Each structure stands twice: as C-alpha cells, then as structure tokens.
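This report refers to the structure that appears directly beneath it.
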Amino acid sequence: MNGSRQGATLFRYFPTKEDLILHRIADHQGEAARVVRDRQPEISPLTALHRHFRSGLDSRDPVTGLNDHPVVMAFHRLVFTTPSLAARVTQYMLDNEESLAEVLRGDITARLQAAQVIAVQRVLARTNWQRLVAGQTADEVYPEAVADADRAFALLQTGFRDATDADS
C-alpha cells in the first residue's frame with residue numbers, strides 16, 4: 001500500500017512515465033521564449049537565441065547535443081530510440097515553438113519564425129549527437145558545431161534565397 005501511495009505522489013509531479021524520464025528536457029520548456037523575453041531591448045530576438053545556443057555549446061549543455069558524458073549519451077540514445085519518448089520530445093518542441101511565437105507577437109509571421117528557430121535548434125543538436133555517436137569527442141566536434149550554429153542562424157537571418165545563391 002505504501003508503494004502505491006509513493007507512486008501516486010511521484011506521478012503527481014510526473015504525469016507520465018515519459019515525463020519522469022524526460023524531466024531534464026522539460027527543465028528547458030519555454031527556454032527560447034524566456035531568452036527572447038529577457039533579452040536587452042537593443043538585441044534582436046534572433047541574435048539573443050543565437051548567442052544562447054552558442055553559450056550552450058560552450059558549456060556543453062546536453063540540450064545542444066554536444067555533451068559526450070556517458071550518462072548523457074545513454075540518455076540521448078534512449079530518447080532517440082524509444083518511440084514514446086521521441087514523441088514526447090516532439091510535443092515539448094511544439095510547445096516551445098508555440099511559446100516562442102507568442103513572445104514574438106503571435107501572428108503567422110511569428111509562428112513561422114518560431115518554427116524555424118526550433119527546427120534549427122533540433123537539427124543542430126541531433127547533428128552534434130550523431131557526430132558523438134560516430135566516435136568523435138565533444139571537443140573534436142565543437143569547432144564544427146559552432147560553425148554549423150553560426151551558419152544556421154545566418155540562414156535564418158538572411159533567408160533561403162541568399163543561402164542558395166551563396167552555394168551556387
């Protein structure tokens with residue numbers, strides 16, 4: 001009986017088994033919106049988000065995919081290979097996208113911008129993690145991860161047309 005009471009208490013804080021496992025990711029809920037909301041007025045939202053992501057790379061924040069600690073690597077492997085966990089992470093990203101769009105104005109342009117930022121962060125983090133899985137260390141991946149982040153945020157800033165012209 002005591003065990004079931006503890007279970008009830010546990011699930012008061014973590015409504016699903018997925019939430020229990022993903023609490024580290026949940027700690028980042030609304031982070032992009034907070035970064036934009038808390039930025040200095042002279043800094044653009046995109047610049048603030050870029051700087052925040054770069055800071056995460058510098059500190060090897062697991063959310064950037066650039067952390068090769070064995071526990072973090074095992075956690076990411078579990079998340080990316082378990083469909084129910086991957087689906088929950090997708091929901092977190094959609095929630096983050098919605099929160100960011102609201103801070104950016106909430107109109108269709110803001111929703112499109114938020115979707116692009118969240119997608120860029122996801123692709124960058126996944127790419128970093130894949131490099132680590134392939135056997136590189138976080139320190140080896142770091143220069144390329146920074147260059148990728150800079151390019152990705154530049155693409156957001158200038159748009160696809162400029163990127164296509166530059167690659168031609």
Side-chain angles (χ1 to χ4, degrees), residues 18 21-36 39 43-69 71-104 108-168:
E18 290 80 13
I21 294 168
L22 296 174
H23 68 87
R24 291 180 182 127
I25 293 173
D27 290 345
H28 290 276
Q29 275 301 102
E31 189 167 79
R34 277 191 304 278
V35 167
V36 170
R39 76 188 193 289
I43 298 172
S44 75
L46 192 57
T47 296
L49 290 162
H50 182 195
R51 288 178 182 173
H52 182 74
F53 192 85
R54 285 281 306 268
S55 175
L57 291 174
D58 294 344
S59 67
R60 305 301 194 266
D61 187 331
V63 79
T64 67
L66 191 64
N67 186 306
D68 56 5
H69 188 281
V71 172
V72 174
M73 293 294 292
F75 174 77
H76 282 148
R77 188 174 296 107
L78 176 68
V79 169
F80 293 137
T81 61
T82 306
S84 63
L85 295 175
R88 189 68 181 115
V89 169
T90 298
Q91 186 59 54
Y92 284 142
M93 285 187 283
L94 292 172
D95 293 345
N96 280 335
E97 179 184 311
E98 192 64 33
S99 296
L100 179 56
E102 288 173 20
V103 170
L104 291 173
I108 186 64
T109 299
R111 291 176 64 205
L112 291 167
Q113 290 169 329
Q116 290 174 33
V117 166
I118 299 301
V120 159
Q121 291 175 340
R122 176 185 52 80
V123 169
L124 291 170
R126 184 72 182 237
T127 300
N128 293 335
W129 179 76
Q130 288 170 331
R131 289 176 179 145
L132 298 178
V133 168
Q136 292 181 276
T137 68
D139 289 340
E140 291 168 339
V141 172
Y142 176 79
E144 195 170 6
V146 168
D148 288 348
D150 291 348
R151 178 161 174 75
F153 279 91
L155 286 171
L156 289 173
Q157 189 67 47
T158 62
F160 291 106
R161 183 169 172 265
D162 291 345
T164 305
D165 292 344
D167 290 340
S168 303

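All values below were derived from every heavy atom in this structure, side-chain atoms included, with hydrogens, water molecules and symmetry-related copies excluded. Quick caveat, the model's predicted, so the values are computed rather than measured.
Within the model, atoms CE of Met93 and CD of Glu98 stand 15.0 Å from one another, a figure rounded to the nearest 0.5 Å. Distance CZ/Phe53 to CG/Asp148: 9.0 Å, rounded to 0.5 Å. Note: Leu104 CG to Arg111 CZ = 12.5 Å, rounded to the nearest 0.5 Å. Interatomic distance, CG of Leu66 versus CD of Gln136, reported as 10.0 Å (0.5 Å rounding). Interatomic distance, His69 NE2 to His76 NE2, rounded to the nearest 0.5 Å: 13.0 Å. One finds the OH atom of Tyr142 at 10.0 Å from the OG1 atom of Thr64 (value rounded to the nearest 0.5 Å).
For the pair Asp68 and Arg60, the salt-bridge criterion is not met [side-chain N within less than 4.0 Å of a carboxylate O].
Of all the heavy atoms in Leu132 and Thr137, the pair that sits closest is CD2-C, 3.5 Å. In terms of heavy-atom proximity, Ala101 sits nearest to Ala110 at O-CB, 3.5 Å. Taking all atoms of both residues into account, the shortest heavy-atom contact from Asn67 to Pro62 is ND2-CG, 3.8 Å. Residue Asn96 comes nearest to Gly30 through the heavy atom pair OD1-N, 2.6 Å, listed as atom of the first residue, atom of the second, then distance. Contact between Ile118 and Ala32 at its shortest, heavy atoms only, is CD1-CB, 4.2 Å. The heavy-atom pair separating Ala48 from Val35 by the smallest distance is O-CG1, 3.5 Å.
You'll find the side chain of Gln157 stays beyond 4.5 Å of the side chain of His50, heavy atoms only. Residues Leu112 and Ile108 meet the side-chain proximity criterion, which asks for heavy atoms closer than 4.5 Å. Glu97 has its side chain out of reach of Leu100: every pair of non-hydrogen atoms, C-beta onward, lies at least 4.5 Å apart.
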Report task. Evaluate the side-chain contact (heavy atoms from CB on, under 4.5 Å) criterion for residues Leu85 and Phe75: first the C-alpha distance (whole Å), next the side-chain angles of each, then the deciding distance (0.1 Å), finally the verdict. Result -> CA-CA 11 Å; Leu85 295 175; Phe75 174 77; over 6 Å; no
Requested in this report: Tell me, with the steps shown, if Asp150 and Arg54 meet side-chain contact (heavy atoms from CB on, under 4.5 Å).
Outcome: CA-CA 8 Å; Asp150 291 348; Arg54 285 281 306 268; 2.8 Å; yes
Query raised in the report: Does the side-chain contact (heavy atoms from CB on, under 4.5 Å) test come out yes or no for Asn128 and Leu57, once each step is laid out?
Result: CA-CA 10 Å; Asn128 293 335; Leu57 291 174; 3.7 Å; yes
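Under a 3.5 Å cut-off, the side chain of Ser55 and the backbone N or O of Arg51 do not form any donor-acceptor pair.
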